[in-house]
A.B. asks: 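Below: one structure in structure tokens.
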Protein chains: 2
Amino acid sequence: MSQEAIAQGDNAGREASNSRPLRADAQRSEDALLEAALAVFATSGVDAPVREIAEKAGVGIGTLYRRFPQRSDLIVAVFRQQVDACADAAPILAAEYEPSEALARWMQRYADFIVTKRGLAKSLHSGDPAFSTLPDYFNQRLQPALRGLLETAAEAGEVRTDIEPYDLLRAIANLCMSAKDDRTDYARRMISLLVDGLRYGASPQVNTPS
Amino acid sequence: MSQEAIAQGDNAGREASNSRPLRADAQRSEDALLEAALAVFATSGVDAPVREIAEKAGVGIGTLYRRFPQRSDLIVAVFRQQVDACADAAPILAAEYEPSEALARWMQRYADFIVTKRGLAKSLHSGDPAFSTLPDYFNQRLQPALRGLLETAAEAGEVRTDIEPYDLLRAIANLCMSAKDDRTDYARRMISLLVDGLRYGASPQVNTPS
DNA sequence: CTGACAAACGGAACATCGTTCCACATAATA
DNA sequence: TATTATGTGGAACGATGTTCCGTTTGTCAG
């Protein structure tokens with residue numbers, strides 16, 4: 001459903017106008033590969049064989065390696081795509097809901113991302129230089145996204161103003177660390193608690209009855 | 001040099017009197033494999049291929065797999081061997097030096113172990129069930145070793161008494177975490193600082209001039 | 001519309017792993 | 001010394017990441 005937006009996001013973020021704009025079938029292959037990789041990583045983990053991904057994408061191995069010369073390139077691409085999707089969700093939610101509700105929904109969205117990508121996180125901290133740029137990308141995309149939501153909500157007097165985006169991102173990530181297996185509702189409850197905490201110290205000019 | 005003691009320690013700790021005491025050539029092979037694995041892991045990391053280890057040990061691959069049915073078994077054996085060697089060093093140092101000096105030397109010894117085995121630590125926290133017993137083994141061997149040194153030094157009034165072995169082990173490990181590459185002297189200096197800290201709060205019945 | 005060609009495709013083939021298997025060698029024992 | 005359980009070596013297997021190259025196909029000038 002949100003796949004188109006994701007694919008666009010990746011294509012745009014890849015390399016600013018890189019000579020030529022990819023042939024039609026090539027673009028199709030890339031999209032299919034990213035979608036398949038996302039699904040396979042979710043079920044079989046990041047160590048899943050590349051052939052499985054190529055098969056699921058309905059594409060030959062040669063095509064996969066043409067698009068992603070190394071296995072790690074695919075992992076990186078999927079990760080960045082997911083980060084982009086999460087970051088892009090912020091302005092969309094901001095346009096659709098009132099400030100604090102948009103903030104709350106985005107934080108849940110972000111928590112889902114963290115829980116799903118715990119497998120990737122392992123590779124990420126494995127010291128492999130192929131992943132060295134991902135932490136920076138993570139912060140540079142997600143921090144402004146959250147900051148925008150926080151500031152909007154703060155200006156509306158719906159949440160307190162003494163919280164830094166970076167700290168909040170880390171707090172949520174840490175909360176999700178102990179959410180094993182299918183106990184995803186634990187994470188949800190803890191995030192709700194965090195949001196309530198943000199609301200508690202809101203500007204006194206607006207009152208939030210019970 | 002200390003290889004014999006290590007081999008003995010491993011053989012003794014493996015499985016209390018496991019039916020028969022291994023044939024002579026088999027014992028030779030096992031020792032050679034552990035020694036080779038230790039060296040190869042140090043140079044090529046824990047991901048080094050088994051064939052490289054077998055070759056360095058001067059044995060066939062079949063022999064390696066007879067002694068260590070899985071690759072992880074070799075890693076575990078090397079790790080335990082190193083832990084044993086580190087733990088066994090405690091009473092030896094205690095017999096050779098006065099209490100606080102023995103403690104200081106052992107802590108340096110332990111720090112060297114941590115720095116050298118950072119590669120192993122990665123595998124250790126990878127979630128692979130093959131390594132699940134290692135953390136416990138780590139604590140059960142090292143904690144009493146350090147406790148003995150600490151208590152002896154405390155009884156001699158040379159160090160303070162309000163430090164738990166577990167905390168000290170973790171503190172040293174954390175200090176060594178940021179000691180990258182060849183900056184091992186950084187770790188040494190920090191450990192010295194810790195030892196001085198221990199001495200600082202020593203029992204007042206003994207004074208330590210300048 | 002059509003030909004030509006760069007681009008993309010598919011998958012066989014290669015290199016390298018961990019692991020298994022078994023014919024042969026050898027240490028322990030009587 | 002003869003017997004036998006035990007150990008050894010390395011070819012072979014299956015799975016993996018990656019490369020190579022003959023074939024197909026989108027694209028675009030004419």
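Letters A, B, ... are given to chains in the order of the sequence lines, protein chains preceding strands, and every chain is numbered from 1. The figures here come from the full heavy-atom set of this structure, side chains too, leaving out hydrogens, waters and symmetry mates.
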A.B. asks: Keeping the roles fixed (side chain from A:Asp73, backbone from A:Gln70), state whether a donor-acceptor pair exists under 3.5 Å.
C.D. replies: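 Such a contact is found between A:Asp73 side chain and A:Gln70 backbone.
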A.B. asks: With distance as the sole test, does B:Gln143 use its side chain to make a donor-acceptor pair with the main-chain N or O of B:Pro165 at under 3.5 Å?
C.D. replies: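 Not at all, since once roles are kept as given, no pair shorter than 3.5 Å links the two residues.
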A.B. asks: Give the rounded distance in Å between these two atoms: CZ of B:Phe68 and C1' of D:dG7.
C.D. replies: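 Between C1' of D:dG7 and CZ of B:Phe68: 14 Å.
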A.B. asks: Locate the shortest heavy-atom distance separating A:Ala156 from A:Pro99; write the atom from each residue and the value.
C.D. replies: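 Here A:Ala156 and A:Pro99 meet closest at CB-CG, 3.9 Å.
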A.B. asks: Go along nucleotides 17-30 of chain D 5' to 3' and tag each nucleotide: B for a protein heavy atom under 4.0 Å from its base, S when only backbone or sugar atoms are that close, - otherwise.
C.D. replies: BBB-----BSS---
A.B. asks: Strictly below 4.0 Å, N to O, side chains only: are B:Asp112 and B:Arg109 in salt-bridge contact?
C.D. replies: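 Here B:Asp112 does not pair with B:Arg109 in a salt bridge, since their nearest N and O are not under 4.0 Å apart.
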A.B. asks: Nearest whole angstrom, please: distance from the C1' of D:dG7 to the CG of B:Asp31.
C.D. replies: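 Taking atom C1' of D:dG7 as the reference, CG of B:Asp31 is at 15 Å.
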A.B. asks: Looking at every non-hydrogen atom in both residues, tell me the closest pair between A:Leu194 and A:Leu175 and how far apart they are.
C.D. replies: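 Heavy-atom minimum between the residues: CD1-CD1, 3.9 Å.
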A.B. asks: Looking at B:Glu101 and B:Arg105, is any side-chain nitrogen of the basic one under 4.0 Å from a carboxylate oxygen of the acidic one?
C.D. replies: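 Salt bridge flag = yes for B:Glu101 with B:Arg105.
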A.B. asks: Figure out the CZ/C1' separation between B:Arg66 and D:dT6, and round it to whole Å.
C.D. replies: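 Interatomic distance, CZ of B:Arg66 to C1' of D:dT6: 6 Å.
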A.B. asks: Looking at B:Asp196 and B:Arg199, is any side-chain nitrogen of the basic one under 4.0 Å from a carboxylate oxygen of the acidic one?
C.D. replies: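 A salt bridge is present here (some side-chain N lies under 4.0 Å from a carboxylate O).
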A.B. asks: Just one of A:Thr63, A:Ile53, A:Ile75, A:Leu34 clears the side-chain contact (heavy atoms from CB on, under 4.5 Å) bar with A:Phe68, so which one?
C.D. replies: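 Among A:Thr63, A:Ile53, A:Ile75, A:Leu34, the one that satisfies the side-chain contact (heavy atoms from CB on, under 4.5 Å) with A:Phe68 is A:Leu34.
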A.B. asks: With a 4.0 angstrom cut-off to heavy atoms of chain A, pull out the first and last contacting nucleotide of DNA chain C, in 5'-to-3' order.
C.D. replies: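 Under 4.0 Å from chain A, the extent on DNA chain C is C:dA6 to C:dA13.
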